[in-house]
Number of protein chains: 2
Amino acid sequence: MVNSEAKTPRERYRAQVRTEIKQRAWEQIATAGASALSLNAIAKQMGMSGPALYRYFGGRDDLITELVRDAYRSLADAFRATSEASGADVTALAHALRAWALRDPQRYFLIYGTPVPGYQAPDDTTAISSEIMATLLDACAALPSDGPATPFEAHLEGHRDWAAGHPAPPAALHRALAFWTRLHGVLSLELAGHFSGMGIDPAQLFAAELDDLAGTSAT
Amino acid sequence: MVNSEAKTPRERYRAQVRTEIKQRAWEQIATAGASALSLNAIAKQMGMSGPALYRYFGGRDDLITELVRDAYRSLADAFRATSEASGADVTALAHALRAWALRDPQRYFLIYGTPVPGYQAPDDTTAISSEIMATLLDACAALPSDGPATPFEAHLEGHRDWAAGHPAPPAALHRALAFWTRLHGVLSLELAGHFSGMGIDPAQLFAAELDDLAGTSAT
DNA sequence: TCCGTGCGGTTATAACTTCTAACGAACGTG
DNA sequence: CACGTTCGTTAGAAGTTATAACCGCACGGA
């Protein structure tokens with residue numbers, strides 16, 4: 001059987017260089033954005049010149065795709081960890097999401113930011129995305145659901161393939177979607193700086209939205 | 001006094017070329033995103049070569065800044081028009097926002113998408129942004145406000161500078177912010193294609209969020 | 001009407017970028 | 001020890017933004 005770690009010394013070295021390249025790329029993205037990522041600059045920082053990086057990544061797009069994959073993986077891990085630590089609590093998940101986003105805004109935008117029109121995300125990222133959604137659904141299913149069924153929940157009843165067989169009631173599905181979209185709404189505008197000139201505290205707006213989501217007022 | 005339109009034939013020509021450049025830029029952005037905007041390609045399309053465009057725009061960043069300005073202006077006009085036509089109705093504003101966004105997703109992302117870390121928006125765009133917020137506040141102030149004051153509304157009481165003197169109660173300010181962030185949350189995820197593989201209808205999710213905002217459940 | 005200023009467009013050039021191709025050296029495995 | 005894969009190099013093509021220098025024509029004042 002093939003052991004994933006440290007087989008040949010060449011593979012060890014190759015993995016090490018790959019992670020260093022990605023690390024430099026993350027630093028560069030955090031300071032100047034993903035559009036300003038330069039393979040030449042990374043190579044120069046690492047002491048080697050230009051086309052050497054093409055031994056490790058197919059090109060700029062491949063590197064960015066790998067970074068997107070890592071970002072998804074990091075968010076999924078953070079979500080899973082806080083879910084296990086807090087017993088599937090939605091407010092804990094929300095604060096974990098905000099902390100993860102504030103830790104590196106450009107990493108958040110790499111996942112949820114402006115898409116490149118032609119770009120198609122690799123299918124494994126959608127798999128990780130559904131893993132994130134699964135832990136979110138676990139937390140939302142634990143909330144009490146009251147109120148009458150809305151027309152949108154009737155729509156969800158017939159379109160719950162994205163839940164991947166999760167046995168959550170339609171109200172919980174709706175809660176999960178609202179959790180996702182509302183917190184993303186506040187977070188993305190905050191990270192983009194749209195609140196900076198307004199004087200309001202984004203954390204309090206985030207908390208207000210979270211109170212509304214976790215409170216008794218379903219949908 | 002200086003008439004703004006059509007003074008000298010030189011200025012007429014200059015304005016015409018400028019608008020044609022911006023038009024080609026919009027087409028290019030709509031199909032390949034703002035990061036793929038190429039001055040050379042625009043010049044080649046217009047039959048003139050390369051550096052001629054620098055007579056009309058200071059550079060790529062200046063052109064994009066101008067496009068951002070136009071995008072803000074377009075959204076503000078659309079908002080104002082529907083507000084006047086519908087009598088400051090929030091659902092009409094919401095549908096106008098969604099239609100405006102779906103008409104050219106990259107134009108929406110040019111305003112509300114991933115920001116470039118170093119970039120500072122010119123102050124006139126923030127002026128237009130506050131104009132948009134004003135018409136939104138007009139519509140939110142027309143809604144009935146019930147329920148007790150939340151801690152966030154208490155925070156808003158002390159930080160209402162962004163309302164630019166608009167005489168809306170804190171509940172209306174909160175409504176306007178929720179309107180903005182929630183609809184942006186659904187819209188940006190929809191435009192980015194994050195719902196495409198899930199099978200759900202973004203329009204119905206948008207409608208559900210709008211029902212929650214315009215309904216009786218304040219905050 | 002005529003003439004000069006200045007505007008618009010050109011080519012050339014510099015400094016970048018991604019990415020391919022060909023070559024050499026070093027490393028590790030048989 | 002020798003051979004082969006892999007890594008890093010330099011060279012080069014095809015792009016990009018942006019600046020500089022130059023030329024001609026059109027516009028506007030006299």
Side-chain angles (χ1 to χ4, degrees), chain A residues 2-3 5-29 31-68 110 116-119, chain B residues 2-3 5-29 31-68 110 116-119:
Chain A
V2 179
N3 231 344
E5 58 176 54
K7 216 165 115 182
T8 83
R10 272 225 158 113
E11 287 182 1
R12 286 181 57 93
Y13 177 72
R14 181 174 181 82
Q16 181 178 341
V17 174
R18 274 179 66 98
T19 61
E20 182 175 354
I21 292 174
K22 290 202 285 189
Q23 187 174 337
R24 308 265 186 176
W26 277 120
E27 297 169 3
Q28 205 167 320
I29 279 182
T31 63
S35 62
L37 194 151
S38 163
L39 293 185
N40 257 331
I42 294 177
K44 218 165 283 183
Q45 280 181 0
M46 293 179 62
M48 54 190 189
S49 254
L53 296 196
Y54 287 82
R55 300 284 177 193
Y56 300 94
F57 293 96
R60 214 186 89 111
D61 290 4
D62 278 29
L63 175 56
I64 290 184
T65 294
E66 196 93 350
L67 297 180
V68 170
L110 209 56
V116 178
Y119 182 73
Chain B
V2 180
N3 234 341
E5 56 178 54
K7 219 165 108 180
T8 82
R10 274 228 158 112
E11 287 181 1
R12 286 181 58 93
Y13 178 74
R14 181 175 182 81
Q16 181 178 341
V17 174
R18 273 178 67 98
T19 60
E20 182 176 352
I21 292 174
K22 291 201 284 187
Q23 187 175 337
R24 308 266 186 175
W26 277 119
E27 297 169 2
Q28 204 167 322
I29 279 183
T31 63
S35 63
L37 192 149
S38 164
L39 294 186
N40 256 330
I42 294 177
K44 218 165 284 183
Q45 281 181 1
M46 293 180 61
M48 54 190 188
S49 253
L53 296 196
Y54 288 83
R55 300 283 178 193
Y56 300 94
F57 293 96
R60 213 186 91 110
D61 290 6
D62 278 28
L63 175 56
I64 290 184
T65 293
E66 196 93 350
L67 297 180
V68 170
L110 209 57
V116 177
Y119 181 74

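Quick caveat: nothing in here was measured; it's all calculated off a predicted structure. By convention in this document, chain letters (A, B, ...) are assigned in the order of the sequence lines, proteins followed by strands, and residues within each chain are numbered from 1.
One finds a side-chain N or O of B:Asn40 lying less than 4.0 angstrom from the OP1 or OP2 phosphate oxygen of D:dT17. In terms of phosphate contacts, A:Tyr54 brings no side-chain nitrogen or oxygen within less than 4.0 Å of OP1 or OP2 of D:dT6.
Applying the side chain to side chain donor-acceptor pair (under 3.5 Å) test to residues at least two apart or on different chains, the pairs with a partner in residues 57-68 of chain A are A:Arg18-A:Glu66, A:Thr65-A:Tyr119. Pairs passing the side chain to side chain donor-acceptor pair (under 3.5 Å) check and including a residue from residues 40-55 of chain B, sequence neighbours excluded, do not occur.
For B:Glu20, the salt bridge (Lys or Arg N to Asp or Glu O under 4.0 Å) partners at least two apart in sequence or on another chain are B:Arg24. In this view, A:Ala41 and A:Gln28, A:Ser38 satisfy the side-chain contact (heavy atoms from CB on, under 4.5 Å) rule, not counting sequence neighbours. Listed by chain and residue number, A:Met48 satisfy the side-chain contact (heavy atoms from CB on, under 4.5 Å) test with A:Ala52 (two or more places apart in sequence, or in another chain).
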Exercise. When every nucleotide of nucleotides 20-30 of chain D is labelled 5' to 3' by its protein contacts under 4.0 Å (heavy atoms), B for base, S for sugar-phosphate only, - for none, what sequence of letters results?
Worked result: -BB---BSS--
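Heavy-atom contacts of chain B under 4.0 Å fall on DNA chain C between two terminal nucleotides, which in 5' to 3' order are C:dG6 to C:dA12.
Atoms OG1 and CH2, on B:Thr19 and B:Trp26 in that order, are 14.0 Å from each other to the nearest 0.5 Å. How far CG of A:Leu67 is from CD1 of A:Ile29: 5.0 Å, rounded to the nearest 0.5 Å. Summarising the geometry, atom CZ belonging to A:Phe57 is positioned 8.5 Å from atom CD1 belonging to A:Ile42; distances are rounded to the nearest 0.5 Å. Taking CG from A:Leu63 and CG from A:Leu53, the interatomic distance works out to 8.5 Å, rounded to the nearest 0.5 Å.
Listed by residue number, the members of residues 58-68 of chain B with any heavy atom below 4.0 angstrom from DNA chain D are B:Gly59, B:Arg60. Residues from residues 14-28 of chain B that place a heavy atom under 4.0 Å from any atom of DNA chain D: there are none.
The shortest heavy-atom contact between A:Pro117 and B:Gly33 is CG-N, 3.6 Å. Nearest heavy atom pair, residue B:Ala25 against residue B:Leu37, reads CB-CD1, 3.9 Å. In terms of heavy atoms, B:Gly50 sits closest to B:Ala43 at N-CB, 3.6 Å. Of all heavy-atom pairs between B:Ala34 and B:Ile64, the closest is O-CD1, 4.3 Å.
Bending across the helix from C:dT1-D:dA30 to C:dG30-D:dC1, expressed as the angle between its end axes from five pairs apiece, amounts to 0° (10° rounding).
Across all strands, B:Leu37 comes closer than 4.0 Å only to sugar-phosphate atoms, never to a base (heavy-atom distances). Within 4.0 Å (heavy atoms only), A:Tyr56 reaches sugar-phosphate atoms of the nucleic acid but no base atom.
Put simply, CZ on A:Arg12 is 19 Å from P on D:dT6, counting in whole angstrom units.
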